[in-house]
Structure formats: structure tokens, C-alpha cells
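Notes for the one structure printed next.
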Amino acid sequence: MKWGFHEGELAAQRAAGVSLQAQRLEGMLAPADLSGGAQKFLSLRSYAVLTGRDHDGVLWASPLAAPPGFLDARGDVLQLATTPRTSDPLHGLPADQPVGLIVIDFATRRRIRVNGTLTEAGQDRLVVRVDQAYGNCPQHIHPHDLAAAVAAGRSGGAPHRAGVLTPQVQALVAASDTFFLGTTHPSRGSDASHRGGPPAFVQVSSPTRLWWPDYPGNNMFNSFGNLQVDDEAALLFTDYATGATVQMSGTAQVVWSPQRRVEFTVRQVVDGLSAHQPA
């Protein structure tokens, strides 16, 4: 697999005026070796987000929560001793597809992105052959215990599927200070990234559209680079109190001026909020 920035990332860096700054970071995209500090970091985590496609080829971003040790990294192979929960659109996802993962320690605000190919997808484990693994900047990470929230939410009932954002979903989105973004590239594969800001930084424009401002980060523009080439995208929001999740699949467009932002159009929504309401 080629490494270094692809054409979309280079175009996004030029549009943002940070090409020189980004060049100094390109070495981070060299072929992965998950040993030493990265291996230890992954082994201690209990939460990750996975970007991949379901059996219909639809892109989703899904939470993974399990006790520390569920992420076992050896060289360029990452084994995960869990799979998306049964109510998740990526439950039973097919192997032999590109996937992206982001793994976060919310306490220290440290995170690692892992991109590669899903070589095995069993009932209770996943195996990824890793192409890239690198750290991201610690900005805009809020101290939520999403692992505990998602684990607590496993007992909820069947989620609601729709093509629009219900009022309940709109309220969750409007109050959130954290969500995850999945994007993809036709030859470089899929990617999962974190987005954070003050509460209400995500704005709902209509039942099928929302947008959020882009805050300065590490200047690599991996997600934006993918969107320059392929506008397919997936979002994941979590209700911190109940562990219920809202997953969206659709398209996203980067608007570069006057304020840099991303506009997302909904195609499908998997909403677990109603399943976690008290009877």
C-alpha cells in the first residue's frame, strides 16, 4: 500500500493554507508497527470507534466497548476481542474490507488512529491488518466515560431506523460536545476520527441536515482529505446518561469560507434513544 498524503489530503491542506506544516507530519503515515508505547496504550483502553461498511455497503461509525485488554496489537496486526453489539448496523460486518479505528483515553486526552483491512470478522472478535497507526492532537477531547456508557446501554431494545432526525435525536445532537466521524477513500481505505467542541457546537439545520464548525487541529486533514475525494460519511453520537447511540450515514461537504465548516446530509439514521427510555 502507498503511504504519505493522498491527493485529497494534499488538496485540503492547500485549501487551509497549511501545506508546509503538514509536510513535517507526513512521516507519521509510514507503515505501522504497533509495538512499544502504542501496543501498551492500546492494551489499556476500553473504548474504540470503528468505521466500516455493512452487508449492503453502507458506511457506519460504531462504538466498541470491552474490558482493557480487548485490543491486542502485535506488529502490523490488531486483534479485537469484541464486535459491534447486536443492535448495531455493523453487527456481523463482512471481512475483507477497509476499516478505520480511533482509540481514545479520555482522561489523558491521548488518541491513536488505526487504519487497515479487516481480515477476519467472527462472532466475538475482529482482526485488522494495519496499514497506518499514528497519534492525533489532544485538542477538544472532553472527559466522558463512553466505555461505561456504551456497556450500560447494551441492555436496550431494538433501535429505530429512519431517514430523518426525530426531535429527540435533534435534541441530543444539539446538546452534544463530542461525536465521531467516519470517512473513506477509494484506495486508502476508511478512517474514524473524533470531533469535539463546546456543547451545541453541532447545529441542526433541518430534519435531514446538520453542520459543525471545524476547529484547528494537527493540520493533516485526513477526514477532510477523504471528503475531497468521496463525500460518503458516517456520524456517531452517544447519550452519556443512558449509553444509547445515534448513528447516521449520509454525505458530507467541507465549506471552506467564510467560516470553515462541514455540512452533513442524512440518508439513514439508527436511533437507540427510544429503546432506553423508562417505561
Side-chain angles (χ1 to χ4, degrees), residues 45-51 60-65 88 100-113 135-153 156 159 165-183 191-224 227 233-250 252 254-255 259-266 269-274 276-277:
R45 304 283 67 82
S46 56
Y47 181 82
V49 172
L50 169 73
T51 297
W60 297 98
S62 297
L64 299 172
D88 192 285
L101 288 142
I102 186 159
V103 184
I104 299 184
D105 179 357
F106 289 91
T108 64
R109 300 190 305 139
R110 185 181 174 193
R111 51 185 160 173
I112 290 181
R113 285 163 96 145
N136 274 174
C137 70
Q139 298 185 75
H140 315 301
I141 297 178
H142 301 287
H144 298 298
D145 190 350
L146 293 186
V150 170
L165 307 175
T166 66
Q168 192 177 14
V169 169
Q170 293 184 44
L172 173 69
V173 169
S176 295
D177 61 13
T178 298
F179 74 95
F180 295 89
L181 168 66
T183 60
D191 177 82
S193 67
H194 163 277
R195 290 293 184 270
F201 82 107
V202 183
Q203 299 289 308
V204 177
S205 306
S206 77
T208 59
R209 295 181 66 86
L210 56 83
W211 67 272
W212 65 90
D214 182 60
Y215 301 121
N218 59 12
N219 293 323
M220 295 174 74
F221 287 98
N222 305 118
S223 298
F224 280 17
L227 293 175
L235 307 183
L236 167 65
F237 291 86
T238 302
D239 183 326
Y240 313 128
T242 67
T245 57
V246 172
Q247 293 159 273
M248 307 177 197
S249 184
V254 181
V255 178
Q259 175 197 36
R260 194 165 69 214
R261 63 194 237 172
V262 181
E263 297 181 349
F264 181 84
T265 301
V266 173
V269 182
V270 175
D271 161 21
L273 296 177
S274 298
H276 290 80
Q277 294 300 307

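- A heavy-atom distance below 4.5 Å is found between the side chains of V169 and M248.
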Next on the checklist: S176 vs R195, test: side-chain contact (heavy atoms from CB on, under 4.5 Å). Steps then yes/no.
Outcome noted: CA-CA 10 Å; S176 295; R195 290 293 184 270; over 6 Å; no

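- Rounding to the nearest 0.5 Å places CD of Q259 at 9.5 Å from CG of D214.
- For F264, there are no ring pair (Phe, Tyr, Trp, His ring centres under 6.0 Å) partners, not counting sequence neighbours.
- Scanning for ring pair (Phe, Tyr, Trp, His ring centres under 6.0 Å) contacts around F221 gives F224, with sequence neighbours left out.
- Among all heavy-atom pairs drawn from V103 and Y47, the shortest one is CG1-O, 3.6 Å.
- Listed for the Q203 side chain is no donor-acceptor partner under 3.5 Å among the backbone atoms of W211.
- For the pair S206 (side chain) and T208 (backbone), a donor-acceptor distance under 3.5 Å is present.
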Checklist entry - What's the verdict on side-chain contact (heavy atoms from CB on, under 4.5 Å) for V173 and W212, showing C-alpha distance, side-chain angles and the deciding distance? => result CA-CA 11 Å; V173 169; W212 65 90; over 6 Å; no

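- Taking CG of L181 as the reference point, atom OG of S193 lies at 4.0 Å (rounded to 0.5 Å).
- Closest heavy-atom contact between A234 and A61: CB-N, 3.5 Å.
- A heavy-atom distance below 4.5 Å is not found between the side chains of T183 and T51.
- Here the CD-CG distance, from Q168 to D271, works out to 6.0 Å after rounding to the nearest 0.5 Å.
- The closest side-chain heavy-atom distance from L210 to L235 is below 4.5 Å.
- S46 OG to D105 CG: the interatomic distance, rounded to the nearest 0.5 Å, is 8.5 Å.
- Between L172 and D239 the shortest heavy-atom distance is CD1-CA, 3.9 Å.
- When all heavy atoms of S223 and D191 are compared, the closest pair comes out as OG-OD2, 3.6 Å.
- R111 contributes atom CZ, which lies 9.5 Å from atom CZ of F106 (distance to the nearest 0.5 angstrom).
- The side-chain heavy atoms of V49 and L101, taken from C-beta on, include no pair separated by under 4.5 Å.
- The two residues G272 and A244 come nearest to each other via the heavy atoms O-CB, 3.5 Å.
- For the pair P63/T245, a side-chain contact is recorded, criterion being any heavy-atom separation below 4.5 Å from C-beta on.
- Classified by interplanar angle (parallel below 30°, tilted 30° to 60°, perpendicular above 60°), the ring pair F180/H194 is perpendicular.
- The two atoms that bring A233 and A252 nearest to each other are CB-CB, 3.8 Å, heavy atoms only.
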